[in-house]
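Okay, structure first, notes after.
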Amino acid sequence: MLNMVEGVICFLIVFVICTPFFVFELFALQSLGITYDSLWSLVFFYVVYTIVKAPITFVADAIPMFFKQKGWIRSSKGLFYFALHAITSFVLICSIDYFLQTVSFAVESAMIFAIFIAGLHWLFTHRDPDKPIYGTAEWDALTQKFKQ
């Protein structure tokens with residue numbers, strides 16, 4: 001009996017998670033000019049995008065921190081951060097689109113998707129405090145705190 005209840009709960013969880021995706025797929029993706037052969041090819045595109053985007057995100061997060069440490073920008077979470085993530089997402093989407101023949105993005109839809117992803121990334125990270133810069137009073141206070 002417990003296995004049946006667990007199966008029903010798993011089905012409901014998957015159903016609740018997948019239903020908004022299918023509604024989004026039916027209306028938004030087709031209206032944005034994204035064409036694909038099957039739903040599995042779209043899922044494969046997303047998986048490839050997620051796997052390739054992870055190391056790119058590490059580099060894209062480090063560049064604004066480096067610029068802040070050099071004093072070239074005031075915050076590592078501002079417009080430069082957003083623009084860098086939008087550009088890297090756009091280039092990645094266009095690259096995957098070029099190599100993956102089963103999914104096709106219009107240039108406008110790739111831009112919209114990249115801006116949307118960069119906006120989500122910024123939304124979830126912009127309130128994180130900036131890391132202290134090496135050699136500043138904030139860095140020295142933090143170092144002293146951990147030495148005690």
Side-chain angles (χ1 to χ4, degrees), residues 6-143 145-146:
E6 290 173 350
V8 169
I9 290 172
C10 288
F11 173 77
L12 289 175
I13 290 172
V14 169
F15 181 75
V16 167
I17 291 172
C18 289
T19 300
F21 180 74
F22 288 122
V23 171
F24 176 73
E25 181 263 332
L26 285 174
F27 298 110
L29 294 180
Q30 291 177 356
S31 66
L32 287 174
I34 301 170
T35 57
Y36 48 92
D37 292 345
S38 68
L39 185 61
W40 292 113
S41 60
L42 189 64
V43 169
F44 182 69
F45 176 86
Y46 179 73
V47 169
V48 170
Y49 176 83
T50 303
I51 290 171
V52 176
K53 181 69 175 169
I56 293 172
T57 300
F58 288 128
V59 174
D61 285 345
I63 291 171
M65 285 188 241
F66 172 76
F67 284 179
K68 181 183 180 227
Q69 187 171 11
K70 290 294 184 181
W72 297 340
I73 58 176
R74 288 183 291 166
S75 173
S76 64
K77 303 288 185 203
L79 183 62
F80 178 72
Y81 180 85
F82 174 79
L84 187 63
H85 277 280
I87 290 169
T88 56
S89 294
F90 178 72
V91 169
L92 181 60
I93 290 167
C94 290
S95 300
I96 295 172
D97 180 37
Y98 178 77
F99 290 109
L100 188 65
Q101 300 299 320
T102 58
V103 178
S104 176
F105 277 77
V107 174
E108 298 84 10
S109 61
M111 281 187 213
I112 291 170
F113 188 71
I115 290 170
F116 177 73
I117 293 297
L120 282 178
H121 191 77
W122 178 82
L123 184 67
F124 291 123
T125 60
H126 81 281
R127 293 187 185 205
D128 294 343
D130 283 340
K131 294 176 177 66
I133 298 173
Y134 180 76
T136 62
E138 185 181 10
W139 178 269
D140 294 336
L142 189 63
T143 306
K145 180 179 175 183
F146 283 110

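Since the structure is predicted, the reported quantities are computational estimates derived from the model, not experimental observations.
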Checklist line | Atom pair CG/OG of Asp97 and Ser104 - distance to nearest 0.5 Å | finding: 5.0 Å
Note to self: If I take atom CD1 from residue Ile117 and atom CH2 from residue Trp122, how far apart are they, to the nearest 0.5 angstrom?
What the structure shows: 15.5 Å
Next item on the list: Find out whether Thr102 and Ser38 are in side-chain contact, i.e. whether some heavy atom of one side chain is under 4.5 Å from a heavy atom of the other.
Entry: no
Margin query: Within this structure, what is the CD1-CZ distance for the pair Ile87 and Phe90, rounded to the nearest 0.5 Å?
Written below: 10.0 Å
Item checked: Tyr49 ring center within less than 6.0 Å of Phe44 ring center -> no
Item checked: Which atom of Ser41 lies closest to which atom of Leu100, heavy atoms considered -> O-CD2, 4.4 Å
Note to self: For Ala60 versus His85, what's the shortest heavy-atom pair and its separation?
What the structure shows: CB-CE1, 3.8 Å
Next item on the list: Measure from the side-chain N and O atoms of Glu108 to the backbone N and O of Phe105, and report whether any donor-acceptor pair falls under 3.5 Å.
Entry: no
Next item on the list: Run through Thr57, Ile63, Ile56, Asp61 and flag the one making a side chain to side chain contact (heavy atoms under 4.5 Å, CB included) with Val59.
Entry: Ile63
Next item on the list: Quick one: closest heavy-atom pair of Ala110 and Ile93, and the distance?
Entry: CB-CG2, 3.8 Å
Item checked: His121 ring center within less than 6.0 Å of Tyr81 ring center -> yes
Check: Has the side chain of Ser109 got a donor or acceptor atom that lies under 3.5 Å from a matching backbone atom of Ala106?
Finding: yes
Notebook entry, point to check: Taking all non-hydrogen atoms of both residues, which atom of Ala118 and which atom of Ala86 are closest, and how far apart?
Noted result: CB-N, 3.5 Å
Item checked: Point-to-point distance, once rounded to the nearest 0.5 Å, from CG of Leu42 to CD1 of Ile34 -> 7.5 Å
Note to self: To the nearest 0.5 Å, what is the distance between CD1 on Ile96 and OH on Tyr46?
What the structure shows: 11.5 Å
Margin query: Using side-chain contact (heavy atoms from CB on, under 4.5 Å), reason through Thr88 and Lys53 one step at a time and then give a plain yes or no.
Written below: CA-CA 9 Å; Thr88 56; Lys53 181 69 175 169; 3.1 Å; yes
Margin query: Can you confirm whether Val103 sits close enough to Thr35 that some side-chain heavy atom of one is under 4.5 Å from a side-chain heavy atom of the other?
Written below: no
